[in-house]
Each structure stands twice: as C-alpha cells, then as structure tokens.
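Shown next, in structure tokens, is the structure this report addresses.
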Amino acid sequence: MSRYLRFLVPLAIFAVIAAFLFKGLDMNPREIPSPLIGKQVPEFSLPLLEQPDTQITNKDLLGKVYLLNVWATWCVSCRAEHETLVQLGRMNKVDIYGLNWKDERDAAQAWLRQLGNPYAANIFDKKGRTAIDLGVYGAPETFVVDAKGIIHYKHAGPVNPDLIRDKILPMVAELKKKG
C-alpha cells in the first residue's frame, strides 16, 4: 500500500498544480477582481482639484451612473488613456469623475488645461487614502458606479475605445435603465 502512496501523492499534487495553472491561462490579467464589486463606494470627503475650498463626498455622487477614473500626472498610462477619456466625455453618455491620486495640484491643473478635461469634477486625493479604500493597485483604474453608489465594474490599466464601446457603455446603459 505505501508503495502506491509514494507515487500517488506526488501525482495528486501535480494534478492540483496543473489544474490551477490551466485555469490561470483562461483568465484576463487586466481584470483584477475587486472585493468592492457589488459594494458601496467607500465614504470620502475630499476637496475638488479646481476648487480647493470646496469639498465633495461620495454622497454628492448619488443619483447618477458614473465612471470614477483614478489618474495622476506622474502616470504614463494615464496620459495614454487621456485622449480616450476626452472623447468619451464629448459623447455625453456618462459623467466621468476623476480621482487625482497622490499628485501635485498645479501639475494636475496644467495637465487638464493642456490635454483637455473630460471630467465632470476632479476629486483631489493628495494623501491617497480614498484610493487605498477603493483598493487601487496603480493608476489608471476606472470604476463603473450605479445611481445608488454601488461599484459594478473595475478596470485596471488604461481604458481604450474598444473597452468603452463593448463593455463600459453597454453596462452604463443597463444601469441607467435600472435607475
């Protein structure tokens, strides 16, 4: 009996590891699961980028479907996706709120003046606390949020026109129908 176990135990361990590796081949590395999917946007109260004396909270965003885009001027990928966001903003299909993360206010304002401002408003998260609460790994990240403040989708990395057309806008339309 023990002679069979000497061969069966390593074979069973190999089979389990192979199954996990095979499953991993089927996954999209851009889709990072978020524990916040299906949960409320974490509470925050932060100043606006453009108006430091004006605070915005998560409750101010209730009542509308929106995208929350985490960005920064030091983020190379954010620059790559910015034109796509500007085009999306011009479509007027969904409000985009920016969460400017661990950035310099002057640099962020200059970026928006130079490259265009696709955002309905920019939330200035200098210390990065709200981004941590959102489980942000790195900029850019984009969240789709419903009118009740529930996060339905998270995309890590730059958004592109195909993602917007095929995934984000259909999801936004469906969430708007639900109210």
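Note that these values count all heavy atoms, side chains included, but never hydrogens, waters or copies made by symmetry.
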Audit row: Asp146, Ile151, side-chain contact (heavy atoms from CB on, under 4.5 Å) steps and yes/no: CA-CA 7 Å; Asp146 73 10; Ile151 297 171; over 6 Å; no
Glu50 to Gln109 - nearest heavy-atom pair and separation: CA-NE2, 3.6 Å
Partner residues of Lys126 under the side-chain hydrogen bond (donor to acceptor under 3.5 Å, both in side chains) criterion, sequence neighbours left out: Glu104
Euclidean distance, Leu36 CG relative to Phe143 CZ, rounded to 0.5 Å: 7.0 Å
Cluster check Ile150, Leu67: I/L/V/M/F/W/Y, side chain < 4.5 angstrom: no
Asn122 versus Leu99, closest heavy-atom pair with distance: OD1-N, 4.4 Å
Donor-acceptor under 3.5 Å (Trp101 side chain, Phe124 main chain): no
Atom pair CZ (Phe44) and CG (Leu134), whose distance is rounded to the nearest 0.5 Å: 8.0 Å
side-chain contact (heavy atoms from CB on, under 4.5 Å) between Leu163 and His155, worked out: CA-CA 9 Å; Leu163 178 73; His155 177 77; 3.5 Å; yes
Shared hydrophobic cluster, Val76 / Val136 (ILVMFWY, side-chain heavy atoms < 4.5 Å): no
Full working for side-chain contact (heavy atoms from CB on, under 4.5 Å) between Lys167 and Asp162: CA-CA 8 Å; Lys167 183 129 189 171; Asp162 292 341; over 6 Å; no
Beyond-backbone contact of Thr130 with Leu46, side-chain heavy atoms, under 4.5 angstrom: yes
Atom of His82, atom of Gly116 and distance for their closest heavy-atom approach: NE2-O, 2.7 Å
Asp103 side chain to Thr73 side chain, donor-acceptor N/O pair below 3.5 angstrom: yes
Under 3.5 Å donor-acceptor, Glu141 side chain and Val70 backbone: no
Between CG on residue Leu49 and CG on residue Asn100, distance to nearest 0.5 Å: 5.5 Å
From OG1 (Thr57) to CG (Leu62), nearest 0.5 Å: 7.5 Å
Single-linkage hydrophobic cluster Trp74~Ile132, side-chain heavy atoms < 4.5 angstrom: no
Enclosure of Lys93 NZ (heavy-atom neighbours >12, cutoff 6.0 Å): no
Sequence neighbours excluded, every pair satisfying ring-ring contact (aromatic ring centres under 6.0 Å, His included) that has a member inside residues 158-179: none
Over 12 non-hydrogen atoms of neighbours within 6.0 angstrom of NZ in Lys127: no
In one Ile/Leu/Val/Met/Phe/Trp/Tyr side-chain cluster, 4.5 Å: Val9, Phe14: no
Arg90 CZ to Leu85 CG distance, which is reported to the nearest 0.5 Å: 11.5 Å
Which atom of Val159 lies closest to which atom of Glu81, heavy atoms considered: N-OE1, 2.8 Å
Residue list, side-chain hydrogen bond (donor to acceptor under 3.5 Å, both in side chains) with Asn58, at least two apart or on another chain: none
Least distance between heavy atoms, Leu115 atom then Val86 atom: O-CG2, 3.8 Å
Heavy-atom neighbours of Glu43 CD exceed 12 at 6.0 Å: no
Contacts of Tyr97 that satisfy ring-ring contact (aromatic ring centres under 6.0 Å, His included) - sequence neighbours left out: Tyr66
Side chain to side chain, Tyr137 and Lys154, heavy atoms closer than 4.5 Å: yes
Straight-line distance of Thr142 OG1 to Ile96 CD1, nearest 0.5 Å: 8.5 Å
Leu61 versus Lys64, closest heavy-atom pair with distance: O-CG, 3.6 Å
Trp71: ring-ring contact (aromatic ring centres under 6.0 Å, His included) partners, not counting sequence neighbours: Trp111, Tyr119
Set of salt bridge (Lys or Arg N to Asp or Glu O under 4.0 Å) partners for Arg129, sequence neighbours left out: Asp133
Minimum side-chain heavy-atom gap Cys75-Pro140 below 4.5 Å: yes
